[in-house]
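Taking it in order: structure first as structure tokens, then the write-up.
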There are 2 protein chains.
Amino acid sequence: MADSSTQGGETLLFLTDEQLRKGIEAMFFAYRGFTADPDRILDKHGYGRAHHRAIHFINREPGLTVTTLLSVLGVTKQSLNRVLRTLIDDGLVESRVGRKDKRARHLHLTATGEALERELSGAQRERMRGAYRTAGPQAVAGFRQVLEAMMDPEMRRHYQMLKDDS
Amino acid sequence: MADSSTQGGETLLFLTDEQLRKGIEAMFFAYRGFTADPDRILDKHGYGRAHHRAIHFINREPGLTVTTLLSVLGVTKQSLNRVLRTLIDDGLVESRVGRKDKRARHLHLTATGEALERELSGAQRERMRGAYRTAGPQAVAGFRQVLEAMMDPEMRRHYQMLKDDS
DNA sequence: ACTTTATGTCAGTGTTGTTGACTTTCCAAG
DNA sequence: CTTGGAAAGTCAACAACACTGACATAAAGT
């Protein structure tokens with residue numbers, strides 16, 4: 001199972017248990033770095049990671065409905081509602097009743113919300129940019145390929161839904 | 001800032017804000033997949049992600065002290081202690097008083113603890129193996145490079161401390 | 001009219017993080 | 001040898017954020 005046989009001439013050394021464990025720990029440690037900078041900013045403002053996620057996806061797709069956001073975030077509506085409630089009360093997010101379907105609430109960032117979004121994504125992009133620059137374009141391509149393969153199919157759908165701009 | 005200039009003949013298109021955002025979301029969605037399988041198993045046993053992390057690192061380095069584990073996990077000792085307490089009480093982890101320094105506790109997995117460790121890491125490796133296989137060895141190398149560059153220096157130290165076996 | 005969908009709320013619970021206060025143990029300076 | 005501080009670990013209380021379950025309201029859809 002953890003052998004290093006070959007197949008079709010291609011070595012499979014990269015599939016050993018040791019290599020996989022190394023990848024697992026890389027995910028763990030890197031994710032901590034990934035969230036560290038936004039966490040500091042959020043803390044200053046009295047918000048948590050859940051607020052960041054909501055803000056991020058509302059910014060990505062302004063006007064999305066609560067249900068859509070729910071399926072992207074993969075949490076319960078009760079959990080999301082708590083977060084959304086504070087963001088709306090604090091004037092960072094606006095909830096507009098749908099014109100065609102009046103049940104639906106379409107979410108938008110206010111100017112204040114957009115400001116926080118920029119602060120958060122700026123910090124996170126800075127970290128990502130450093131990592132990308134260090135690793136180089138080819139490594140980045142591999143990085144994205146492996147992560148995409150790691151996703152659950154439904155999450156991959158949400159991921160691929162983004163325009164790629166490449 | 002989001003331009004696509006060139007430098008030394010190498011294109012920097014991969015550093016655009018769009019590309020960075022795509023990377024950020026890849027991390028978010030992939031991490032969910034990464035933890036999904038162990039989470040299901042942990043739930044069956046009545047444990048959480050924190051228990052998994054403790055078990056993982058105790059297995060990686062049997063006999064490590066609480067303080068060492070603390071610095072690897074990056075949480076407070078009080079938080080770790082609660083998790084460790086249940087694992088010890090349930091007979092998955094053994095805490096041995098140090099011989100030279102009697103303040104220190106050295107942590108080991110029991111047979112039961114090792115069984116759960118195998119169950120958890122087996123599931124997680126299976127996911128990782130699938131992703132690795134899909135993406136290929138070159139992508140895996142890039143994946144690891146970018147993640148390593150993304151870590152905080154102290155976390156990178158812990159990461160690199162592992163034998164690589166490549 | 002009846003059912004389903006979209007949203008929101010209330011109450012209760014569990015995991016995991018935090019701070020603060022405390023005990024035990026070790027070591028080193030007087 | 002004692003005393004005082006540092007290190008290791010524990011206990012208690014609290015906060016964030018996830019969960020389930022029950023229920024309410026309004027708007028679509030059939």
Side-chain angles (χ1 to χ4, degrees), chain A residues 28 31-32 35-36 38-56 58 63-90 93-108, chain B residues 28 31-32 35-36 38-58 63-90 92-107 120:
Chain A
F28 171 68
Y31 198 77
R32 287 261 292 287
T35 55
D39 280 353
R40 269 188 290 275
I41 295 168
L42 289 159
D43 200 62
K44 275 194 324 190
H45 294 260
Y47 295 122
R49 218 173 272 180
H51 300 87
H52 184 188
R53 292 196 282 263
I55 289 172
H56 174 96
I58 293 171
L64 88 175
T65 64
V66 173
T67 305
T68 306
L69 185 52
L70 230 41
S71 86
V72 172
L73 295 178
V75 296
T76 59
K77 62 177 174 177
Q78 295 91 330
S79 190
L80 176 58
N81 196 256
R82 181 172 0 93
V83 167
L84 230 36
R85 190 75 270 138
T86 71
L87 290 175
I88 292 169
D89 290 349
D90 293 354
V93 168
E94 199 187 339
S95 170
R96 302 182 194 154
V97 174
R99 271 174 308 186
K100 294 197 320 191
D101 187 338
K102 287 177 194 159
R103 293 172 303 177
R105 302 302 144 89
H106 299 271
L107 304 170
H108 297 262
Chain B
F28 171 69
Y31 199 77
R32 287 263 291 286
T35 55
D39 280 353
R40 269 188 289 274
I41 295 168
L42 289 159
D43 201 62
K44 275 194 324 188
H45 294 260
Y47 295 121
R49 220 173 269 180
H51 300 87
H52 183 188
R53 293 196 281 263
I55 289 172
H56 174 95
F57 287 106
I58 294 171
L64 87 175
T65 64
V66 173
T67 303
T68 307
L69 185 52
L70 230 41
S71 86
V72 173
L73 295 178
V75 296
T76 58
K77 58 182 174 175
Q78 295 88 333
S79 188
L80 174 58
N81 195 256
R82 183 172 353 93
V83 167
L84 232 35
R85 190 75 270 138
T86 70
L87 291 175
I88 292 169
D89 290 349
D90 293 356
L92 301 189
V93 168
E94 198 187 339
S95 168
R96 302 181 194 157
V97 174
R99 271 174 308 184
K100 294 198 317 191
D101 187 340
K102 287 177 194 159
R103 292 173 302 180
R105 302 301 143 90
H106 298 272
L107 304 169
L120 290 168

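From a predicted model like this one, the values you see are computed outputs, not experimental measurements. Chain naming here is simple, since letters A, B, ... match the order of the sequence lines and numbering starts at 1 in each.
Counting all heavy atoms, side chain and backbone alike, A:Val83 lies closest to A:Ala54 at CG1-CB, 4.3 Å. Contact between A:Arg105 and A:Ser95 at its shortest, heavy atoms only, is CB-OG, 3.4 Å.
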Sort me out a list of protein N/O and nucleotides 21-28 of chain C N/O pairs below 3.5 Å, or just none if empty.
| residue | atom | partner | partner atom | Å |
| --- | --- | --- | --- | --- |
| C:dC26 | OP1 | B:Lys102 | N | 2.7 |

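Among the protein residues, B:Ser79 comes within range of the nucleic acid bases, having at least one heavy atom under 4.0 Å from a base atom. If you check every strand for non-hydrogen atoms under 4.0 Å, A:Thr65 touches sugar and phosphate atoms only.
Between the C1' atom of C:dT16 and the CG atom of B:Leu84 lies a distance of 14 Å, rounded to the nearest Å. The separation between A:Leu70 atom CG and C:dT5 atom C1' is 13 Å, rounded to whole Å. If you measure from atom CG of A:Leu80 to atom P of C:dT9, you get 11 Å, rounded to the nearest angstrom.
Of the residues in residues 41-51 of chain A, those with a non-hydrogen atom less than 4.0 angstrom from any atom of DNA chain D are A:Gly48, A:Arg49, A:Ala50, A:His51.
Taking the six-membered ring where the residue is Trp, B:Tyr31 and A:Tyr31 present parallel rings, their angle staying beneath 30° rather than reaching 60°.
No side-chain heavy atom of A:Ile55 sits under 4.5 Å from any side-chain heavy atom of A:Tyr47. The shortest distance between side-chain heavy atoms of B:His56 and B:Leu120 does not fall below 4.5 Å. Counting heavy atoms from C-beta outward, B:Phe57 and B:Leu107 have side chains that stay 4.5 Å or more apart. The closest side-chain heavy-atom distance from B:Leu42 to B:Thr35 is not below 4.5 Å.
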Please list every donor-acceptor pair under 3.5 Å in which a side-chain atom of residues 68-78 of chain A meets a protein atom from a residue at least two apart or in another chain.
| residue | atom | partner | partner atom | Å |
| --- | --- | --- | --- | --- |
| A:Thr68 | OG1 | A:Thr65 | OG1 | 2.9 |
| A:Ser71 | OG | A:Thr68 | O | 3.1 |
| A:Ser71 | OG | A:His158 | NE2 | 3.4 |
| A:Thr76 | OG1 | A:Ser79 | N | 3.3 |

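Every residue two or more places apart in sequence or in another chain was checked for a salt bridge (Lys or Arg N to Asp or Glu O under 4.0 Å) with A:Asp43, and none qualifies.
The base of C:dG17 lies close enough to the side chain of B:Arg82 for a donor and an acceptor atom to sit less than 3.5 Å apart.
To the nearest 0.5 angstrom, A:Glu94 atom CD is 7.0 Å from A:His108 atom NE2.
Nucleotides of DNA chain D that come within less than 4.0 Å of any heavy atom of chain A span, from the 5' end to the 3' end, D:dC17 to D:dA28.
Judged as a salt bridge (charged side-chain N to carboxylate O under 4.0 Å, His left out), the pairs with a partner in residues 46-56 of chain B (not counting sequence neighbours) are, in order, B:Asp39-B:Arg49.
Comparing A:Val83 and B:Val66 along DNA chain D, the residue whose closest nucleotide (by nearest heavy atom) sits nearer the 5' end is B:Val66.
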